[in-house]
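Here the structure is laid out as structure tokens; the discussion comes afterwards.
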2 protein chains.
Amino acid sequence: MSSTAPAKTPRASAAETIDAGFLESLVGYNTRRAMLMITPNFMQRMAVYELGMADFSVLSLIKHNPGITSRQLCTALSILPPNLVGLISTLDKRSLIERRPHPRDGRAMGLHLRPAGQKLMRDAERTVLELEQLSTANLSPAEQKTLIRLLQKIYA
Amino acid sequence: MSSTAPAKTPRASAAETIDAGFLESLVGYNTRRAMLMITPNFMQRMAVYELGMADFSVLSLIKHNPGITSRQLCTALSILPPNLVGLISTLDKRSLIERRPHPRDGRAMGLHLRPAGQKLMRDAERTVLELEQLSTANLSPAEQKTLIRLLQKIYA
DNA sequence: TATTGTTATACTCTATAACTATA
DNA sequence: TATAGTTATAGAGTATAACAATA
């Protein structure tokens, strides 16, 4: 097992005997730690598409809700309108989405995926599902379903 | 265009019928949404102590691990050393913590709560436990325990 | 040579105020 | 008057490079 000589310094164990018991009893702390585990993997695997988490969420909602407005995206994703402008603008410049005049509201723009966005999201969603498998490797399918259900009971 | 609407409510409810089914099937998305629900409540209730989430986590680990070093805090909480400096400095200026020379490492400083920090954390931890009750109001005690266990299986 | 703590810095994310054009 | 989208801006949060003191 350990080919190294037995360590005599107690310093090595001191670093591992941190008592985080109180924090680990809190839903908020554990939720944050789980996010810290998932986020870098997401960023790394989505880098090839040049999509961040917000970009992917926005594109996913546009894909499954053609004609959705910026205002609806903000409400659904808890993004403030000023912070969505840059995201939409970038996706538009990349020709991934298209802004069409809203049929019944002259102020709003209906958002749609362009062909490049359709193709990108087909690949990106597949990659996200692969990432989901890796993130939940320690969970059974039932546990994964339970985890999602309980998280939704927190925020729904 | 079939935007002619002789009917009363053809797609009038479209604003509320956003399909987020794909996102809601992802652990990462649901974890993030749960965080977005918990974080503002935490900030609001901890504002009276002038403590953010990182401050509270740091103070909690110092409280339960007297003499812990900055390096250990960084490892335990996934905080980068340059970003911890300001936190520790502020807590020190507020006389909540004390930096003592480390007994066996001249480079490091052992961190301890000062009396004001002890008192503050007694109140703050009680407040956090109250917040925990509110955040998990829709969960049974068993569900709360299960949620924490499953989250830990994600990041542990 | 490696590690602890630190400074400087930059980039991202998030938040608020105010403007425009439409409703 | 209220709302959708936008601009400008400020504040957190988080990232890397480099340095001095110590191991």
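This one's a predicted model, so the numbers in the text were calculated from it and none came from an experiment. Reminder, nothing fancy here: chain letters follow the sequence lines and each chain counts from 1.
- Side-chain heavy-atom separations under 4.5 angstrom define the hydrophobic clusters, and A:Met109 shares its cluster with no other residue.
- B:Arg94 pairs by the salt bridge (charged side-chain N to carboxylate O under 4.0 Å, His left out) definition with nothing, not counting sequence neighbours.
- Annotation: proximity of residues 89-96 of chain B to DNA chain D (heavy atom, distance under 4.0 Å) is found for no residue.
- Going from atom CZ of A:Phe42 over to atom P of D:dT14 covers 18 Å, rounded to whole Å.
- Partners of A:Arg122 by salt bridge (charged side-chain N to carboxylate O under 4.0 Å, His left out), not counting sequence neighbours: none found.
- Here D:dG5 presents its P atom at 8 Å from CG of A:Leu84, a figure rounded to the nearest Å.
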Bracket notation of DNA chain C in which parentheses pair within the strand, [ ] cross earlier pairs, and | pairs with another strand (Watson-Crick or G-U, under 3.5 Å): |||.||||.||||||||||||||
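- Side-chain heavy-atom separations under 4.5 angstrom define the hydrophobic clusters, and A:Val85 shares its cluster with no other residue.
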Test log, rule side-chain contact (heavy atoms from CB on, under 4.5 Å), inputs B:Arg99 and B:His112: CA-CA 7 Å; B:Arg99 301 149 120 162; B:His112 302 260; over 6 Å; no
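- Within the structure, no pair that satisfies the salt bridge (Lys or Arg N to Asp or Glu O under 4.0 Å) test touches residues 25-41 of chain A, not counting sequence neighbours.
- Ranked by how close their nearest DNA chain D nucleotide is to the 5' end, A:Arg32 and A:Ser70 are led by A:Ser70.
- Pairing each heavy atom of B:Asp19 with each of A:Leu61, the nearest pair is O-CD2, 3.6 Å.
- Nearest-nucleotide mapping onto DNA chain C: of B:Thr69 and A:Leu87, the residue sitting toward the 5' end is B:Thr69.
- Regarding contacts with the backbone of D:dA4, every side-chain N or O of A:Arg99 stays at 4.0 angstrom or more from both OP1 and OP2.
- On the nucleic acid side, DNA chain C has its first and last nucleotide under 4.0 Å of a heavy atom of chain A at C:dT14 to C:dA23, going 5' to 3'.
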B/S/- contact track for nucleotides 15-22 of chain D, protein heavy atom under 4.0 Å: BBB---BB
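- Protein atom CE of A:Met35 is 11 Å distant from nucleotide atom P of D:dT14, rounded to whole Å.
- A search for salt bridge (charged side-chain N to carboxylate O under 4.0 Å, His left out) contacts involving A:Arg100 returns A:Glu98, not counting sequence neighbours.
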Donor-acceptor list for residues 44-52 of chain A side chains, cut-off 3.5 Å, not counting sequence neighbours:
{"residue": "A:Tyr49", "atom": "OH", "partner": "A:Asp123", "partner atom": "O", "Å": "3.3"}
{"residue": "A:Tyr49", "atom": "OH", "partner": "A:Thr127", "partner atom": "OG1", "Å": "2.6"}

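- Here the P atom of nucleotide D:dG13 and the CG atom of B:Leu51 are 12 Å apart, to the nearest Å.
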Intermediate values then yes/no, side-chain contact (heavy atoms from CB on, under 4.5 Å), A:Leu73 and A:Leu111: CA-CA 10 Å; A:Leu73 285 173; A:Leu111 303 174; 3.6 Å; yes
A:Met53 vs A:Met35, side-chain contact (heavy atoms from CB on, under 4.5 Å): CA-CA, chis, key distance, verdict: CA-CA 12 Å; A:Met53 299 185 67; A:Met35 274 305 296; 4.1 Å; yes
Donor-acceptor pairs are to be reported for all side-chain atoms of residues 148-156 of chain A against protein atoms at under 3.5 Å, with residues two or more places apart or in another chain.
{"residue": "A:Arg149", "atom": "NH1", "partner": "B:Glu143", "partner atom": "OE2", "Å": "3.4"}
{"residue": "A:Gln152", "atom": "NE2", "partner": "B:Glu24", "partner atom": "O", "Å": "3.4"}
{"residue": "A:Gln152", "atom": "NE2", "partner": "B:Asn30", "partner atom": "OD1", "Å": "3.0"}
{"residue": "A:Lys153", "atom": "NZ", "partner": "B:Asn138", "partner atom": "O", "Å": "3.4"}
{"residue": "A:Lys153", "atom": "NZ", "partner": "B:Glu143", "partner atom": "OE1", "Å": "3.2"}
{"residue": "A:Lys153", "atom": "NZ", "partner": "B:Glu143", "partner atom": "OE2", "Å": "3.2"}
{"residue": "A:Tyr155", "atom": "OH", "partner": "B:Asn30", "partner atom": "OD1", "Å": "2.7"}

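- The 5' end of DNA chain D is approached more closely, in terms of each residue's nearest nucleotide, by A:Gly110 than by the other of B:Gly52 and A:Gly110.
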Residues A:Asn41, A:Leu134; criterion side-chain contact (heavy atoms from CB on, under 4.5 Å); working and verdict: CA-CA 9 Å; A:Asn41 289 337; A:Leu134 293 176; over 6 Å; no
